[in-house]
Amino acid sequence: MIVQESFDTDAMHPLSRIQQRFRDALQGMAADVEPYVAMVKPAQDARHGDYQANCAMSLAKTLGKKPRDIAQQIVGKLDLGDLLQAPEIAGPGFINLRLRDDWIAARLRDMAADERLGVAAAQAPRTIVIDFSSPNVAKPMHVGHLRSTIIGDALARLFRFLGHRVIADNHLGDWGTQFGMLLHAFKNFRDEQALKSDPVREMLRLYLKVRELMRAAEVDEDDAGPSARTYSADEIAQARQVADAARTETARLHAGDAENVALWEQFMPWCLEEIDRIYRRLDVRFDHTHGESFYNPMLDGVVRDLLDKKIAEESQGAIAIFLDPERKQPPALVRKKDGAFTYTTSDLATIRYRADTWQPDAMLYVVDARQALHFKNLFTAARKWGYDKVALEHVSFGSVLGEDRKPLKTREGGAVELGSLIEEAVARAGQMYEQIRAERIERGDEVPELTAEERKQIEEAVGIGAVKYADLCQNRATDYVFSWSKMLAMTGNTATYMQYAYARNRSIFRKGDVDVSRFRASPPPVVVAHPAERALAMELLRLEETLHSAAAEYQPSDITNYLWNLSKSYSSFFDKCPVLKADTPELRDSRLLLCDLTARTIQQCLGLLGIRTIEMM
Ligand code: ARG
């Protein structure tokens with residue numbers, strides 16, 4: 001994929017250096033050596049070395065030779081330089097590789113002196129549009145928007161850090177049927193007083209009111225939740241009437257009705273205020289917020305162009321793009337029989353606009369897996385239309401489930417609103433912090449004196465960090481169960497654990513009265529003697545490799561998995577290797593440097609996930 005290509009050439013991390021040496025050694029042994037180069041990987045088991053190559057076996061098969069002989073031949077041609085110790089051939093022909101300790105030590109010093117912790121910025125930066133969050137406004141943001149918002153934000157941060165030009169675009173649903181609902185509610189039920197004093201809240205009330213009125217008609221199944229009861233025929237008829245009225249208002253808005261357009265313009269800032277509050281709280285920002293309404297004026301032209309280029313055609317009164325040459329699958333409609341444009345029309349206009357405006361190399365859509373078919377069809381249509389150079393990728397993700405393994409709902413069966421979820425996270429973080437603090441005081445541990453403001457900072461960082469981390473640490477393709485107790489756990493792969501590890505690490509420097517800047521401005525020599533020291537050092541050197549794989553797979557969980565491994569290596573190092581009480585001043589300095597690098601790496605990784613660290617907690 002286009003985004004991936006730029007990494008391999010820039011990378012200077014151990015894996016890519018070793019792979020480069022294999023590339024050279026394998027020349028002449030196969031027409032295309034790349035598949036064999038890709039078989040050099042981090043070792044699964046540290047006892048087998050740091051990295052392992054299993055290319056000899058498959059190469060031997062193609063060449064009709066003995067695997068161990070081929071392994072021998074590769075090793076004979078491998079340039080070890082100052083990078084590798086003498087390789088070991090094991091079992092059927094595995095090549096086990098260990099980095100030289102002096103090489104590791106030198107790289108750690110480089111890493112410490114580098115603000116970017118040794119992560120190179122892309123030599124060939126790509127322009128990447130990331131379409132994420134993209135809620136349908138006029139209704140409260142709910143838990144269904146959580147994943148797109150935080151996965152998209154993490155990817156934007158990651159690509160930006162890797163040196164790419166990122167355009168974060170919030171493709172708001174600001175033109176849909178929910179505005180018809182709001183228009184109907186506004187015209188019939190608005191409270192002038194409330195509208196003057198708090199329009200944002202009044203919008204919310206109106207939306208919820210009309211949604212409630214429509215509930216029996218089950219129109220807005222997206223977030224209405226399962227009906228709590230059965231409805232009488234009367235209620236259903238009434239609900240249908242409201243739904244019809246709302247639909248009429250939407251149609252009027254789309255047709256350019258002056259009153260509805262003016263009201264829409266009045267509503268929008270109120271709706272945006274509500275969602276912006278949530279973005280600010282989550283530390284999420286966008287370069288652009290071009291919602292569906294932005295593309296509305298372009299839709300007619302898009303359909304005309306599609307017809308002119310014979311990509312779309314008339315079919316049963318509608319205008320359609322047939323994507324399946326055999327015409328067995330239903331086509332994608334770009335204009336319905338009644339003249340209305342579709343989600344596809346609007347997304348095609350969006351692709352054209354983005355391509356013309358930013359000339360991106362890739363457009364990523366961080367959207368729920370349930371929209372897979374829409375994107376598959378959209379991308380096929382776009383390529384037919386001529387947008388075949390830009391990489392189009394649906395970065396899809398699974399659902400957030402409740403403890404009952406069904407999509408997460410409130411006790412009443414409604415959608416969990418994002419605003420209240422954040423409030424709860426922060427409140428729970430506050431309680432947890434209180435409890436842990438009390439336990440620490442009881443044990444006689446040192447606890448920092450904190451101002452109310454500092455306390456608030458901790459609660460926000462811990463609560464929101466927990467929610468983000470619990471989501472990002474899942475393979476994004478799968479569903480996951482939302483659990484407060486798991487995400488705020490003090491041990492295990494959680495943000496809370498990482499934040500504590502970071503703060504405890506910082507306290508070593510305070511306790512030893514050590515000036516950190518010395519370890520960055522002119523890092524002392526590093527000693528990698530103890531196995532626990534070496535294991536930690538190896539983990540630290542894997543940062544760049546990790547970020548590249550996370551970016552190539554659009555998988556933030558690569559970063560959390562890495563943090564988990566790093567923190568385990570760190571605690572084992574900390575158990576076994578005295579730092580402030582090390583035997584010699586040189587060893588103490590070297591170990592302090594490892595501590596500082598660990599803290600910086602944790603902070604960097606959490607930062608890329610949109611999670612804050614706290615110096616003292
Ligand atoms: N507003 C849509 C929804 O809530 C998501 C939009 C995703 N982006 C896109 N370009 N289609 O389902």
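Ligands are counted one by one from 1 in listed order, and the atoms in each one are counted from 1 as well. Residues take their numbers from the sequence shown, with the count starting at 1. Note: hydrogens, waters and symmetry copies are ignored here, and every other heavy atom, side chains too, is used.
Remark: Asp305 engages Arg352 in a salt bridge, criterion side-chain N to carboxylate O under 4.0 Å. Salt-bridge annotation for Arg252 and Glu249: present, with a side-chain N of the basic residue lying under 4.0 Å from a carboxylate O of the acidic one. Using a 4.0 Å cut-off between a side-chain N of Lys or Arg and a carboxylate O of Asp or Glu, Lys336 and Asp338 do not qualify as a salt bridge.
Among residues two or more places apart in sequence or in another chain, the salt bridge (Lys or Arg N to Asp or Glu O under 4.0 Å) test is passed with Glu326 by Lys328.
Closer than 4.0 angstrom to ligand 1 sit non-hydrogen atoms from Asp131, Ser134, Asn136, His171, Tyr343, Asp347, Tyr365, Val367, Gln371, Phe375.
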task: Carefully, step by step, assess Trp358 and His288 under the rule ring pair (Phe, Tyr, Trp, His ring centres under 6.0 Å).
output: CA-CA 12 Å; Trp358 299 307; His288 298 280; 5.0 Å; yes
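Between Phe294 and Thr289, every side-chain heavy-atom pair lies at or beyond the 4.5 Å cut-off.
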